[in-house]
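First the structure, in the form of structure tokens, and then the observations on it.
Heads up: numbering here begins at 1 and tracks the sequence.
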Amino acid sequence: AQQLRRRQEVENALKHMNPDIEFRLVYMPLLNVKTGELDGFEALLRWNSRKLGNVEPDEFVPIAESCGVYEMIDEWVISKGLSSYPAIRKLLGRDFKMSLNISSAQLQFSELTELLARSAKRYDIAPKYIQIEITETVNIEYTPHARQFLKKLADTGYLLALDDFGAGFTSLLRIVEYPITMVKFDKGFIEQTLKRGNRQILKPLVELCHSNGMQVTMEGAESQEDVDMLSTFDCDFIQGYFLGLPTTLEDMEDALRKLRQQHHAESS
């Protein structure tokens with residue numbers, strides 16, 4: 001009863017919230033393993049509800065999908081994330097990869113291609129610098145519409161990533177089916193695999209992705225030891241709090257300075 005009541009509260013709050021007041025984005029660094037340099041950022045959604053306080057994405061995203069407000073959320077994330085691109089580009093002095101998460105439910109009904117095209121044009125961002133991450137919090141059938149939607153994104157030049165591999169509903173078949181450019185291995189999946197002494201299965205999975213023309217990101221770098229260990233699996237990118245905590249746009253300049261200092265320290 002308590003869980004049902006909480007779910008109803010979250011659902012009602014989502015349906016009556018003002019995203020511009022209650023939502024914000026934070027930016028998580030993505031490290032290129034081979035060069036040791038910053039490849040870009042993943043925009044992560046945070047919700048501070050006026051009624052409920054801070055609500056974690058793990059809780060509210062599945063509820064948003066089931067009650068039909070995920071489209072509003074995804075549109076807000078895309079618009080806000082891409083509008084921040086010029087400011088970050090100015091701080092970096094170059095273009096970079098911006099990763100934006102969308103609900104896997106969008107694969108069935110989405111018209112997001114028009115919003116992406118408008119925003120990319122408005123902020124002068126080439127599609128090859130925009131990565132769309134699909135998180136499978138629900139088991140989505142790979143319908144003709146989903147296939148067409150993903151193909152349209154890929155043909156336009158957007159990067160497509162499958163998020164949380166190993167933790168959700170994604171099968172190995174889905175990896176081969178989707179026209180994706182990146183597979184992100186879930187932190188919990190990596191931890192459980194290592195804990196059970198099955199580390200030998202990670203490298204072949206990375207090789208499977210590479211043989212299908214996909215890059216691999218491994219999540220969960222909490223220490224230098226994690227970075228060193230994850231690098232041994234021949235992945236292309238690493239993500240985790242050790243490389244930098246998710247930062248707001250306002251604090252981006254300081255965060256970039258720390259990242260540069262860390263990179264120089266490691267290089268020397």
Requested in this report: Evaluate the ring planes of Trp47 and Phe60, with Trp represented by its six-membered ring, and classify them as parallel (under 30°), tilted (30 to 60°) or perpendicular (over 60°).
Outcome: perpendicular

Query raised in the report: Under 3.5 Å, is there a donor-acceptor pair between the side chain of Tyr158 and the main chain of Leu150?
Result: no

Query raised in the report: Side chains of Ile88 and Met98: closer than 4.5 Å at any heavy-atom pair?
Result: yes

Query raised in the report: What is the distance from atom CE of Met218 to atom SG of Cys235, rounded to the nearest 0.5 Å?
Result: 5.0 Å

Kindly list each side-chain donor-acceptor pair under 3.5 angstrom involving residues 118-126, sequence neighbours excluded, with atom names and distances?
from: Ser119; atom 1: OG; to: Leu115; atom 2: O; distance (Å): 3.1

Query raised in the report: Which is it for Phe23 and Val77 under the side-chain contact (heavy atoms from CB on, under 4.5 Å) test, yes or no, and what are the steps along the way?
Result: CA-CA 9 Å; Phe23 278 163; Val77 168; over 6 Å; no

Query raised in the report: Would Met28 end up clustered with Phe165 when hydrophobic side chains under 4.5 Å apart are linked, directly or stepwise?
Result: no

Requested in this report: Dump the intermediate steps for side-chain contact (heavy atoms from CB on, under 4.5 Å) on Lys152 and Gln148, then the final yes or no.
Outcome: CA-CA 6 Å; Lys152 192 172 181 182; Gln148 186 182 354; 5.7 Å; no

Query raised in the report: Do other residues, nucleotides or ligands put more than 12 heavy atoms under 6.0 Å from Arg94 CZ?
Result: yes

**Report entry** Side-chain donor-acceptor contact under 3.5 Å, Asn18 with Glu22
**Finding:** no

**Report entry** 4.5 Å side-chain heavy-atom contact, Tyr85 and Ile130
**Finding:** no

**Report entry** Shortest non-hydrogen contact between Ala43 and Tyr27, atoms and distance
**Finding:** CB-CE2, 4.0 Å

Requested in this report: Measure the shortest side-chain to side-chain distance between Asp164 and Glu219 over non-hydrogen atoms and say whether it is less than 4.5 angstrom.
Outcome: yes

Query - Atom pair CG (Leu31) and CZ (Phe237), whose distance is rounded to the nearest 0.5 Å - result: 9.0 Å

**Report entry** Student check: side-chain heavy atoms of Tyr178 and Leu160 closer than 4.5 Å
**Finding:** no

**Report entry** Closest non-hydrogen atom pair between Asn48 and Gly53, with its separation
**Finding:** OD1-C, 3.4 Å

Query - From CA spacing to verdict: side-chain contact (heavy atoms from CB on, under 4.5 Å), Leu153, Leu116 - result: CA-CA 9 Å; Leu153 289 176; Leu116 277 165; 3.6 Å; yes

Query raised in the report: How long is the span from the CG atom in Leu205 to the CD atom in Gln200, to the nearest 0.5 Å?
Result: 11.0 Å

Determine all donor-acceptor pairs shorter than 3.5 Å in which one atom belongs to a side chain in residues 209-217; sequence neighbours excluded.
from: His210; atom 1: NE2; to: Asp236; atom 2: OD2; distance (Å): 2.8
from: Ser211; atom 1: OG; to: Glu207; atom 2: O; distance (Å): 3.3
from: Ser211; atom 1: OG; to: Leu208; atom 2: O; distance (Å): 2.8
from: Asn212; atom 1: ND2; to: Leu208; atom 2: O; distance (Å): 2.9

**Report entry** Validation row: Asn101, Val61 side chains within 4.5 angstrom (heavy atoms)
**Finding:** no

Query raised in the report: Quick one: are Leu38 and Leu92 in side-chain contact, heavy atoms under 4.5 Å?
Result: yes

Requested in this report: Can you measure from OG1 (Thr232) to CG (Asp234) and round to the nearest 0.5 angstrom?
Outcome: 7.5 Å

Report task. With rounding to the nearest 0.5 Å, note down the distance linking CZ in Arg89 to CZ in Phe96. Result -> 8.0 Å

Query raised in the report: Donor-acceptor pair, Ser66 side chain versus Ile63 backbone, under 3.5 Å?
Result: yes

Query - Closest heavy-atom pair and its distance - Ile238, Ser231 - result: CD1-OG, 3.6 Å

Report task. Could you tell me whether Lys34 atom NZ has more than 12 heavy atoms of other residues or ligands within 6.0 Å of it? Result -> yes

Query raised in the report: Side chains of Ser99 and Phe41: does their closest heavy-atom pair fall under 4.5 Å?
Result: no

For residues 239-255, run the donor-acceptor check on the side chains, cut-off 3.5 Å, and write out each pair with its distance to 0.1 Å, sequence neighbours left out.
from: Gln239; atom 1: OE1; to: Lys184; atom 2: NZ; distance (Å): 2.8
from: Gln239; atom 1: NE2; to: Glu42; atom 2: OE1; distance (Å): 2.8
from: Thr248; atom 1: OG1; to: Glu250; atom 2: OE1; distance (Å): 3.4
from: Thr248; atom 1: OG1; to: Asp251; atom 2: N; distance (Å): 3.3
from: Thr248; atom 1: OG1; to: Asp251; atom 2: OD2; distance (Å): 3.3
from: Asp254; atom 1: OD1; to: Arg257; atom 2: NH1; distance (Å): 2.8

Report task. Please name the pair of heavy atoms, one in Ser49 and one in Ala13, separated by the smallest distance, quoted to 0.1 Å. Result -> OG-CB, 4.1 Å

Query raised in the report: Between Val55 and Glu9, does a side-chain contact (heavy atoms from CB on, under 4.5 Å) hold up when you go through it step by step?
Result: CA-CA 11 Å; Val55 187; Glu9 286 173 351; over 6 Å; no

Query - Value rounded to 0.5 Å, distance of CD1 in Ile190 from NZ in Lys187 - result: 10.0 Å

**Report entry** Close side-chain approach of Leu230 and Val33, heavy atoms under 4.5 Å
**Finding:** no

Requested in this report: Of all the heavy-atom pairs spanning Asp74 and Ser103, show the shortest one and how long it is.
Outcome: OD2-N, 3.0 Å

Query raised in the report: For Lys97, does its backbone N or O pair with a side-chain atom of Asp39 as donor and acceptor, under 3.5 Å?
Result: no

